[in-house]
Amino acid sequence: MSKNIETHLHEKRIFKPSKEFSKQARISSMAEYKALYQESIDKPSTFWAREAKELSWQKKWTKVLNWKAPFAEWFVGGKLNVSESCLDQHLSTHRRNKAAIIWEGEPGETRTLTYLQLHREVCIFSNILLKQGIKAKDRVIIYMPMVPEAAVAMLACARIGAVHSVVFGGFSADSIADRIEDSGATAVITADGGYRRGKVVPLKDSVDAALEKQSGVKTVIVHQRTGGKIAMKKGRDVYWHEEAAQVSSVHEAKAFDSEHPLFILYTSGSTGKPKGILHSSAGYLTGAYTTCKYIFDMRDDDVYWCTADVGWITGHTYIVYGPLANGVTQVMYEGAPNYPDFGRFWDMVERHKVSIFYTAPTAIRAFIKAGDHFPEKHDLSSLRLLGTVGEPINPEAWMWYHEKIGGERCPIVDTWWQTETGAIMISPLPGVTPTIPGTATLPFFGVDAAILDENGNECGPNEGGKLVIRKPWPSMTRTIYKDKARFRKTYWKDYEGKYTAGDGAFRDRKGNFWIVGRLDDVLNVSGHRLGTAEVESALVEHNSVAEAAVVGRPHEIKGQGIVAFVTLKEGVLDSPELNQELRTHVAQAIGAIARPDEIHFAPALPKTRSGKIMRRLLKELVSSGKVSGNITTLEDVQVIEALQKSIAQAN
Ligand code: PRX
């Protein structure tokens, strides 16, 4: 039995939603949830047609679903413009002059954009893109700080039918270059820089470095955020504000097919380079809209704040598309949670009267460590609903969130989903589901989730297995960009016609889903996905390194830390300086989140006789210092002793 299952069996705390919350919630009883859930599974077309109708369509669909596993088409024959549902449709309502985004820069300045103003900015930027020759289906890289212009850029791409691919601002020049190459992007939208922990992150410099390797990019549009000095290449680079002065602020949104590609977002897999997860328009938007409405219970008088970055799927679905389609007011923040100190988030919640707050367990653990005096200094009474995402939440972090931030009155929605799923799949409904620290509880409407064993049989209560989704859902990824074979192989090969998520999980006797963690070689560092293969390939690119193997180990704040085992080339001597240099090298090659926590130099790596690295042994070594089970397939048993010594010395 895994440790998580044992922990859960001791978890007796259960929290029912308050009567007050249930009374005003959209779904207010378990019976109502069950009835709607059943309908969504038995008659998905009826359920999803009703939800999709609430979006803005230029032409209604003729068929809700075409499903030829693993390829789905939703709302077939329909036409819409995603940006109209997020913007235009609100302009003829009371939301016209309502705040859409209340933005706060890290240094402290604030800016508010109403729906009308945001619409105007998106129309202007759409005209800038068109003037630069960018057309429907062209791929556009967005590499921006957390400023409203990041959302404007995404929505303008959607408006003209271009496919955006947002690259997280913490990723390196090499990561940008890889994504440009794979997507075949012809334009990059960036900023001179952004603020993070009091320093300027030189985004444009990284774009310049990436473009030394990539010649396909014809246009770089630069938003001036910091006013710092940057190089502007003639004929390629233009300033956003200068272009804006030359174009019209009127843009009529054209309709695109429901299945028109909306974006590609790269995410790590267990092998090779990150995969381009492709999402299309109508189904994705329906998923984003519906989950915001029911799970975050978004209302007109809410102030919602999701602390993610638009560089991740959470920022796409729960900062840009979902909240705007719901017409909610949201807070957007540029910087770090601990700038100038760990009170920043709570100060912002108090000042902006945030009512719905969505963050990651890793942030909560960092807050716990920083001390209760930070939240205690602030009035958090505006909060009514809390959410978490990205990794399993440990009961201690859950309880702290519930008591210190939620004042024991706010339901917590622990939301399980993935870049590939596009929207939340398993989560409590805030007015309905009793919550227990550590479980994402029950599937959302239309999500036929199950735990299967190796033979494809459904696991019994408290029995661990693979988390799968047995039916298509609207916001599911349509494919891996340009790689259908990899799409099939990665997600659909374990069980015919069923989506394998890559997570291990189990259900308790009440049917709650407990996510244990990844079953593959994907790490989850501070809620961010990283492939061990990516870190290994960065290490072996260094000219001192012969071989590398990377595994995760439990980390108090980050959830998982990165441990690398490295053998050096003939004649290279290990040293603390080289150890440091290799850690920096990985951070430069991928981004700071990939910096290994520990590197161990080893005379050799444990391999099978056929030459495969035995990762299982490395994982055991870093978590317990010992190895168990069968090691007779190991080529050289002494390797283990040498590694054990190195780990013992490091600790
Ligand atoms: O392992 C699961 C974990 O994050 C993975 C997906 O990562 P990514 O595509 O980057 O998306 C993160 C944000 C949606 C999953 O395979 N994960 C995500 N949410 C949870 C979670 N693990 C446990 N509980 C969650 N609530």
Side-chain angles (χ1 to χ4, degrees), residues 2 4 7-8 166 168 170-171 263-270 274-279 284 287-288 291 295 306-319 321-322 358-364 386-395 397-398 401 412-428 433 435-444 447 449 451 466-469 475-477 480 490-491 499-506 512-531 534 552 558-560 591 593-594:
S2 92
N4 284 49
T7 314
H8 135 69
V166 184
F168 170 56
F171 277 143
F263 65 85
I264 302 168
L265 185 60
Y266 286 84
T267 191
S268 298
S270 48
K275 314 171 273 205
I277 299 301
L278 182 80
H279 281 286
Y284 170 78
T291 47
I295 297 171
C306 165
T307 69
D309 189 287
V310 288
W312 310 109
I313 190 68
T314 309
H316 283 58
T317 310
Y318 297 109
I319 293 178
Y321 294 107
Y358 191 30
T359 197
T362 190
I364 298 170
L386 303 175
T388 75
V389 60
E391 48 181 320
I393 183 164
N394 47 312
W398 197 101
Y401 201 31
I412 297 180
V413 290
D414 173 357
T415 61
W416 176 86
W417 60 296
Q418 306 177 297
T419 307
E420 293 87 340
T421 68
I424 297 170
M425 303 291 277
I426 302 178
S427 167
T433 322
T435 52
I436 303 168
T439 165
T441 71
L442 300 172
F444 184 64
V447 176
I451 316 283
K466 290 187 187 179
L467 177 57
V468 303
I469 315 293
S475 64
M476 67 195 285
T477 173
I480 293 175
T490 311
Y491 308 107
Y499 172 84
T500 309
D503 280 331
F506 63 94
N512 291 312
F513 283 80
W514 295 72
I515 315 296
V516 180
R518 300 287 310 188
L519 293 169
D520 52 12
D521 291 321
V522 171
L523 304 177
N524 193 327
V525 180
S526 304
H528 302 314
R529 253 162 92 164
L530 261 184
E534 286 167 72
K558 300 196 287 187
Q560 267 192 312
I593 55 163

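As the structure lists them, so they are numbered: ligands from 1, and atoms in each ligand from 1. Fair warning: this is a prediction, and the values are worked out from it, not measured in the lab.
With sequence neighbours left out, A397 forms a side-chain contact (heavy atoms from CB on, under 4.5 Å) with I364, R365, I368, I393, N394. D521 is linked by a side-chain contact (heavy atoms from CB on, under 4.5 Å) to S270, T532, R615, K619, counting only residues two or more places apart in sequence or in another chain. With sequence neighbours left out, the side-chain hydrogen bond (donor to acceptor under 3.5 Å, both in side chains) criterion links T415 to Y358.
Looking at heavy atoms from C-beta onward, I593 lies out of side-chain contact with S526 at the 4.5 angstrom threshold.
Between the side chain of H316 and the backbone N or O of V310, at least one donor-acceptor pair lies under 3.5 Å.
Contact shell of ligand 1 (protein heavy atoms, cutoff 4.0 Å): I313, T314, V389, G390, E391, P392, D414, T415, W416, W417, Q418, T419, D503, I515, R518, N524, R529.
H279 and Y284 have tilted rings, their planes meeting at an angle from 30° to 60° on a 0 to 90° scale.
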